[in-house]
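Take a look at the structure below.
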Amino acid sequence: MKFMKLGSKPDSFQTDGGYIRFVASELATDMVVNVGDVKFYLHKFPLLSKSARLQKLVAATNDANGDEIHIQDIPGGPAAFEVCAKFCYGMTVTLNAYNVVTARCAAEYLEMYETIEKGNLIYKIDVFLNSSIFRSWKDSIIVLQTTKSLLRWSEELKVVSHCLDSIASKASIDTSKVEWSYTYNRKKIASENGNSPQWNDARKPQMVPKDWWVEDLCELPIDLYKRVIVTIKTKGRVSGDVIGEALNAYTLRRLPGFSKGVNQNIDFVKYRSLVETIVWLLPTEKGVVSCSFLLRLLRAAIFLDCGETERNELMRRIAQQLPEATMNDLLIRAPPGEATVYDVDMVQNLVEEFVTHSSQTEPVDNEFLGSRSPKFGPDASKVLVAKLIDCYLAEIARDPNLHLSKFVNLGETIASFSRPSHDGLYRAIDMYLKEHPGISKSERKRICKLMDCRKLSAEACMHAVQNERLPLRVVVQVLFFEQVRATASAENSTSDLPGSIRALLPGGSHGSSRSTTTNTEEDWDSVPTADDIKALKGELATLRLGSNDSGNEAAKSDVEKVAASRMKGLVMSKIFSKLWSSKERHGEISSSDTSDSHGSVNAEETKSTPSRSRRHSLS
């Protein structure tokens, strides 16, 4: 820290009690200066020779009051006045970054100009500020901090503007020219530390990171910090990502619990202003701050009840970067009074904003995803958002108070996003059915409509076939498409399949998989029994065995291939026969429906099967 010593005489100021200060001298004091509650017994000559204001005050006193004057509004109070008085006596005074501002403001108040005496206090302090303080990185920050208590005086004397310019200029300088000390506790990359493997045994001189200055500025209060960042931006030599890192570091330091959730016992007005200022300072460039940081800011803005303008701005920015988010980032707690655990409506709004933004931009506007997921092509962002929401749905499905409409509405928002697999969505639906066993058949049907059975993996199909929580319609669809896939795999081509079947395969027609059945809605909405599941599992095993065996049919004759194909058709027919026989046994379909739509079911087998009415619990 820089400092300056003025005067050479020893300090002879003494105290008599808590409110009396006097100069120990052989000469009797001839004036009394009242500064606040403190009385200073001093001598006229040294003070009046350097202070024009004291000259005026003494001249204005009348004989009745003697030579006692009152100074109530001097900046810095008694301490600052004492520094100026000691300078007038030629006593040793040490100025540094912590007290130089108060001394400068007090000297200005006392009018200690060069016109009164050469080498006066104002001149000496200005030389110290310009030659030492404003050239020092950390001293400039300290001085700027001290101006807060004397902001009006500091503004008028241009101390604040000089500090801002000094700090901003140093933060904007080329890192190769940084020669002063700074605080930096974050990890640097290997090349910045000189540990890059390409240097082998030769040590590279330690490099200064681009964001070397962000931690030191965290010591500033938010109003001064805002002015520093604005000045840095104005100079235009610092990139947006470094500004974003600075805002992230400042928020982590100054907002209690920002990384894990804002602390409940805080000054709401103070920290609301902080969050709103950070949002206002965010760089305009897209992607310069992480989506995770923006979502934490949004969480804090909601908790602190920030203005609609700030929240809408955050939502707009988050929507543009939503593919970068993680599931944990989206777990924003619901406002007090809400029945649900998480704020699902907020995520719904974010996804809708993303959909709107995606429709307004070119498909290739995914530059920030280029290195991360190049295999997805131009629709990479939608694929990532779909997977993100699938995971989010699986998490919120555990909430027993989550209404079905909120789950379905969020799922339908991303229904148009093409993605190669619906396994994540199936997991979310299954979790919801598990945690909400009391929902009706129509509600089960509604939630299962979100899923495309054609896009389930083999593992998901195996689980779905054995899942007693799914409606029978879904189980049959899974079996049907598994059979179609097995047939196509066995023949290594879909070219020989009928057109109506080819359209049902993934990559074929994008029509709804639910259009493949013509039976009544009530017939298909029932939940399969344990016997149904057992029969379906057996038939699925037979189907898979046939699929594996057919892989070696390359050497078979055409007659053998035709026979194998017919066997698979027989297996599929047998599956549907068992399903419908089971449904007849439970009295779930009318005789007319059975005779009209399912004539292939063996009537004798149906009659010979004993009737069972027990159904498994959904829990």
Thr183 backbone acceptor or donor facing Asp216 side chain under 3.5 Å
yes
Quick one: are Lys124 and Val127 in side-chain contact, heavy atoms under 4.5 Å?
no
Does Glu245 pair with Lys210 as a salt bridge, N-O distance under 4.0 Å?
no
Should Glu155 and Arg227 count as an ion pair when the cut-off is N to O under 4.0 Å?
yes
Partner of Arg317 by side-chain hydrogen bond (donor to acceptor under 3.5 Å, both in side chains), out of Glu313, Gln321, Gln320:
Glu313
Just checking Asp267: does its CG atom have more than 12 heavy atoms from other residues, nucleotides or ligands closer to it than 6.0 angstrom?
yes
Find out whether Pro323 and Leu388 are in side-chain contact, i.e. whether some heavy atom of one side chain is under 4.5 Å from a heavy atom of the other.
no
Locate the shortest heavy-atom distance separating Arg299 from Leu331; write the atom from each residue and the value.
NH2-O, 4.0 Å
Value rounded to 0.5 Å, distance of CG in Leu217 from CG in Asp211:
11.5 Å
Answer yes or no: does atom CZ of Arg135 have more than 12 heavy-atom neighbours from other residues, nucleotides or ligands under 6.0 Å?
no
Determine yes or no for a side-chain-to-main-chain donor-acceptor pair under 3.5 angstrom, with Ser172 supplying the side chain and Ser169 the backbone.
no
Do Trp212 and Tyr184 have their ring centres less than 6.0 Å from each other?
no
As an exercise, state the distance from OG of Ser132 to CE of Met4, rounded to the nearest 0.5 Å.
8.5 Å
Would you say that Phe417 contacts Val355 through its side chain, given a criterion of any heavy-atom pair below 4.5 Å between the two side chains?
yes
Could you go through the side chain to side chain contact (heavy atoms under 4.5 Å, CB included) check for Trp280 and Glu310 one step at a time?
CA-CA 8 Å; Trp280 187 84; Glu310 287 74 23; over 6 Å; no
Test Glu219 against Arg253 for side chain to side chain contact (heavy atoms under 4.5 Å, CB included), laying out the working first.
CA-CA 9 Å; Glu219 304 299 328; Arg253 176 80 67 86; 2.8 Å; yes
For residues Ser51 and Glu111, is any side-chain donor paired with an opposing acceptor at under 3.5 Å?
no
Apply salt bridge (Lys or Arg N to Asp or Glu O under 4.0 Å) to residues Arg272 and Glu276 and explain how you reach the verdict.
CA-CA 6 Å; Arg272 182 186 301 125; Glu276 291 178 349; 5.2 Å; no
Would Trp137 and Tyr182 count as a side chain to side chain contact (heavy atoms under 4.5 Å, CB included) here? Give the steps.
CA-CA 8 Å; Trp137 166 250; Tyr182 54 88; 4.3 Å; yes
Aromatic ring centroids of Phe22 and Phe13 under 6.0 Å?
no
Minimum heavy-atom distance between Arg104 and Asp126, given as atom pair plus value
NE-OD1, 2.8 Å
State whether a side-chain donor-acceptor pair under 3.5 Å links Ser166 with Lys170.
yes
Does the ring center of Phe40 lie less than 6.0 Å from the ring center of Phe81?
yes
Does Asn96 reach the main-chain N or O of Asn99 with its side chain, forming a donor-acceptor pair under 3.5 Å?
yes
Could you measure the distance from the CG atom of Leu314 to the CZ atom of Phe293? Nearest 0.5 Å is fine.
9.0 Å
Between Arg333 and Asp343 (salt bridge meaning N to carboxylate O under 4.0 Å), is one present in this structure?
no
Nearest non-hydrogen partners of Phe134 and Asn130, listed with the distance
CD1-OD1, 3.5 Å
If every non-hydrogen atom of Ile74 is compared with every non-hydrogen atom of Ile71, which pair is closest and at what distance?
CB-CG2, 3.6 Å
Go through the steps to decide whether Ile141 and Ile167 satisfy the test side chain to side chain contact (heavy atoms under 4.5 Å, CB included), and finish with yes or no.
CA-CA 7 Å; Ile141 296 174; Ile167 294 169; 3.9 Å; yes
Result of checking Lys9, Lys50, His43 against Tyr89 for side-chain hydrogen bond (donor to acceptor under 3.5 Å, both in side chains)
His43
Minimum heavy-atom separation for Ile69 to Leu54, with atom names?
CD1-CD2, 3.6 Å
Evaluation steps, side-chain hydrogen bond (donor to acceptor under 3.5 Å, both in side chains), between Thr413 and Glu352
CA-CA 7 Å; Thr413 307; Glu352 290 174 355; 4.8 Å; no
Tell me, yes or no, whether the heavy-atom count around Glu179 atom CD, taken from other residues, nucleotides or ligands under 6.0 Å, exceeds 12.
no
Checking side-chain polar atoms at under 3.5 Å, does Asp329 have a donor or acceptor matched by the opposite partner on Ser292?
yes
Side chains of Asn328 and Thr326, donor plus acceptor under 3.5 Å
no
Expected output: side-chain Gln14 to main-chain Ala24 donor-acceptor under 3.5 Å
no
Measure across Lys233 and Leu282 and return the closest heavy-atom pair with its distance rounded to 0.1 Å.
NZ-O, 3.9 Å
Give, for atom OH of Tyr342 and atom CD1 of Ile396, the distance between the pair rounded to the nearest 0.5 Å.
10.0 Å
Approximate separation, where rounding is to 0.5 Å, of Leu247 CG and Leu281 CG
5.5 Å
Is any side-chain heavy atom of Ile222 closer than 4.5 Å to a side-chain heavy atom of Arg254?
no
When you measure from the side chain of Ser25 to the backbone N and O of Leu27, does any donor-acceptor pair fall under 3.5 Å?
yes
Close side-chain approach of Arg296 to Asn248, heavy-atom, < 4.5 Å
yes
Any donor-acceptor pair under 3.5 Å from Glu353 side chain to Arg316 backbone
no
Would you say Thr102 and Thr146 make side-chain contact, with heavy atoms under 4.5 Å?
no
Cation over ring, Arg21 on Tyr41, under 6.0 Å and within 45°?
no
To the nearest 0.5 Å, atom NZ of Lys56 lies from atom OG1 of Thr61 at 15.0 Å
State plainly whether the residues Arg311 and Glu308 are in salt-bridge range, i.e. N to O under 4.0 Å.
yes
Check the pair Thr340 / Asp399 against side-chain hydrogen bond (donor to acceptor under 3.5 Å, both in side chains), numbers first and verdict last.
CA-CA 7 Å; Thr340 55; Asp399 183 358; 4.8 Å; no
Under 4.5 Å between any side-chain heavy atoms of Leu95 and Val83, yes or no?
yes
Using a 6.0 Å cut-off, check whether atom NZ of Lys270 has over 12 heavy atoms from anything other than its own residue.
no
Compare all side-chain heavy atoms of Lys86 with those of Asp11 and state whether any distance is below 4.5 angstrom.
yes
Step by step, would you call Lys235 with Asp165 a salt bridge (Lys or Arg N to Asp or Glu O under 4.0 Å)?
CA-CA 9 Å; Lys235 291 190 176 294; Asp165 185 70; 3.1 Å; yes
